[in-house]
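Report on the following structure.
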Number of protein chains: 2
Amino acid sequence: MTVVTWQSGCSACHLRAFGLCQAVQDSRGAACLQSVRHPARFYPPGRTVFAQGSQNVPLHNVLSGWLFSYQLLPDGRRQILQFLLPGDIAGLEPEGAAGITHGLETLSEAVLCAIPRDGFHRLCARCPAVTERCRWMMARDVTLLFERLATLGRRMARERVVHLLMELAVRSSRTTQFADGTRLRMPLTQPIMADALGLTAIHINRVLRELRHEGVLELNHKTLTILDSETLTRLGGFPEGLLELWTQPLPPEQPTQSHATPRRA
Amino acid sequence: MTVVTWQSGCSACHLRAFGLCQAVQDSRGAACLQSVRHPARFYPPGRTVFAQGSQNVPLHNVLSGWLFSYQLLPDGRRQILQFLLPGDIAGLEPEGAAGITHGLETLSEAVLCAIPRDGFHRLCARCPAVTERCRWMMARDVTLLFERLATLGRRMARERVVHLLMELAVRSSRTTQFADGTRLRMPLTQPIMADALGLTAIHINRVLRELRHEGVLELNHKTLTILDSETLTRLGGFPEGLLELWTQPLPPEQPTQSHATPRRA
DNA sequence: CGCCAGGTTGAGGGACCTCAAGAGACGTGG
DNA sequence: CCACGTCTCTTGAGGTCCCTCAACCTGGCG
């Protein structure tokens with residue numbers, strides 16, 4: 001999160017190699033993106049970026065920081081839907097008659113780059129690579145939503161906790177290095193984990209205590225320490241190769257390499 | 001599910017006004033789609049279309065019938081991820097090193113139209129409308145996945161059951177009419193509902209008994225009878241306008257419109 | 001007719017919740 | 001600097017929702 005990124009154009013952005021911006025590497029695309037996006041904006045922790053029910057919500061490209069999207073039930077129950085890390089995008093979902101069905105809030109300090117919906121559609125029309133990249137990112141996110149469904153529907157509390165921490169550790173390692181191979185910044189609170197995992201903060205606490213006493217991991221002062229990665233991998237139960245979708249800057253499945261229309265099929 | 005649809009080309013398909021095919025209404029697009037797709041294929045109930053871990057899975061366009069996608073945990077626990085109805089598409093998600101992370105299975109008799117991945121990418125390159133339509137459908141599906149996350153994480157068993165039945169009733173009413181305003185074909189078994197809702201079939205049964213005794217609904221012989229729609233709407237708790245995303249054949253958000261929006265910091 | 005998957009009901013248990021209370025961490029203002 | 005409030009973390013005790021196990025019934029199908 002440098003000051004350069006903060007105020008200057010896309011060409012100096014440290015995220016150009018990640019996320020959506022990866023699709024606008026050429027100068028024409030970068031200029032087009034820069035013409036439709038808003039300047040990057042800083043948010044303090046715990047700030048609502050947009051609330052559930054908002055109308056005409058712009059897309060939000062995460063330049064730095066952690067955020068989460070959530071859905072509120074009428075009686076106040078909250079379900080956290082996804083965690084957003086640098087390179088992710090929020091607000092792609094269509095809005096119903098009652099506006100967008102989820103809200104977005106910061107976990108840590110964050111810098112976001114907003115793109116209005118109509119401007120984004122212009123960008124997509126000009127740069128097919130953006131549409132393609134966007135579709136790929138959404139498909140990738142859906143595989144993670146599937147994992148999350150399996151977590152909420154069919155995993156025990158301790159599996160849920162481990163699964164979430166493993167996912168976030170791998171995803172965050174794309175842009176943030178481990179401090180010393182085992183320690184990693186993890187700006188989660190136990191109430192947040194509870195709302196993400198369908199549990200209560202009290203039970204999260206008990207599970208973390210067990211894992212700590214068993215020497216598997218430690219989580220305090222917003223820092224995760226991995227002590228027994230083998231047990232963690234077993235408890236988490238990720239499909240092989242799934243999390244690598246986040247660590248590879250380029251999608252393994254190259255859809256179209258050239259702008260020229262391919263030869264007759 | 002007529003024989004005409006079954007054997008002939010896209011131009012005679014009754015689903016041309018729905019789903020992905022809506023984006024290829026012109027003759028050039030239809031010809032392009034027809035050149036990359038496989039012939040429609042019939043599947044009996046309970047048949048696996050593709051298994052979790054398959055490689056290079058083609059897209060599957062649902063022409064008729066009900067299906068579900070699922071994810072298996074190593075010890076055999078199963079989570080149903082989504083139900084697919086006519087007009088939906090399966091297999092869009094990217095594959096990791098261990099293949100696709102979910103499987104697909106039929107609930108009822110079904111007719112599917114397969115599209116190989118490379119052919120689909122050629123189609124997308126030729127018809128930008130397909131890419132756009134595909135992205136919109138995925139975003140729409142994500143809103144439903146969000147609802148499902150809230151269901152699994154934060155709703156009681158009876159809310160889960162009602163929520164699922166309401167969702168499927170509205171979605172299926174797009175292509176299938178209610179028999180008499182209250183009765184609807186619903187080819188679900190209680191074990192299937194259990195794996196979709198993170199419960200056991202036994203508990204599903206008890207919840208359905210309660211709802212039946214309270215005069216809210218009945219579900220037997222694969223037929224849903226709605227008796228108290230007000231209670232159902234209250235228990236289900238859908239955001240206003242969300243389910244209409246499935247009943248409207250055209251997306252309400254037209255991407256080509258570009259109006260000036262206030263640009264505020 | 002026999003088989004088998006699904007539906008139905010009961011009894012007991014376990015995973016997690018609710019309520020309650022105190023300790024620690026952090027920012028704010030005096 | 002400390003007082004103070006708020007949020008988070010932590011632990012205990014009791015309760016509840018849902019699961020597990022078991023049994024029997026029903027309906028479709030060879």
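Labels below follow one simple rule: chain letters A, B, ... track the order of the sequence lines, proteins then strands, and each chain is numbered from 1. This structure is a prediction, so every number in the text was calculated from the model and none was measured.
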Query raised in the report: In terms of side-chain geometry, is the basic nitrogen of B/Arg183 or B/Glu218 positioned less than 4.0 Å from the acidic oxygen of its partner?
Result: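 The answer is no: the pair does not qualify as a salt bridge.
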**Report entry** Basic-acidic side-chain contact under 4.0 Å: B/Asp88, B/Arg140
**Finding:**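 A salt bridge links B/Asp88 with B/Arg140.
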Report task. Check each residue of residues 70-85 of chain B for a non-hydrogen atom within less than 4.0 Å of any atom in DNA chain D, then write out the ones that pass by number, or none. Result ->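 When residues 70-85 of chain B is checked for heavy atoms under 4.0 Å from DNA chain D, there are no hits whatsoever.
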**Report entry** Among B/Gln190, B/Gln71, B/Gln79, B/Arg78, the one residue meeting side chain to side chain donor-acceptor pair (under 3.5 Å) with B/Asp195
**Finding:**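 Single pass found, and it is B/Arg78.
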Query raised in the report: Does a sphere of radius 6.0 Å around CD in B/Gln55 hold more than 12 heavy atoms from other residues, nucleotides or ligands, not counting ones at 6.0 Å or beyond?
Result: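 Counting neighbours around CD of B/Gln55, more than 12 heavy atoms of other residues, nucleotides or ligands fall under 6.0 Å, so yes.
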A side-chain contact here means heavy atoms from C-beta on lying under 4.5 Å apart; do [X] and [Y] qualify?
{"X": "B/Leu184", "Y": "B/Thr223", "result": "no"}
{"X": "B/Val142", "Y": "A/Asp141", "result": "no"}
{"X": "A/Leu165", "Y": "A/Met193", "result": "yes"}

Query raised in the report: Going 5' to 3' along DNA chain C, which nucleotides are the first and last within contact of chain B (any atom under 4.0 Å from a heavy atom)?
Result: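 Range of nucleotides within reach of chain B: C/dG7 to C/dA11.
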Query - Main-chain N/O of B/Asn56 paired with B/Glu95 side-chain donor or acceptor, under 3.5 Å - result: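 Between the backbone of B/Asn56 and the side chain of B/Glu95 there is a qualifying donor-acceptor contact (under 3.5 Å).
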Report task. Give a yes or no on whether the backbone of B/Leu152 and the side-chain of B/Arg160 come within a donor-acceptor separation of less than 3.5 Å. Result ->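 Yes; judged by distance alone, with no hydrogens or angles, the pair exists.
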Query - Residue from A/Val57, A/Thr48, A/Leu67 passing side-chain contact (heavy atoms from CB on, under 4.5 Å) with A/Leu104 - result: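 Of the listed options, the one satisfying the test is A/Leu67.
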Report task. For nucleotides 9-23 of chain D, just jot down a letter per nucleotide in 5' to 3' order: B, S or -, based on protein non-hydrogen atoms under 4.0 Å. Result -> SBBBB----BSBBB-
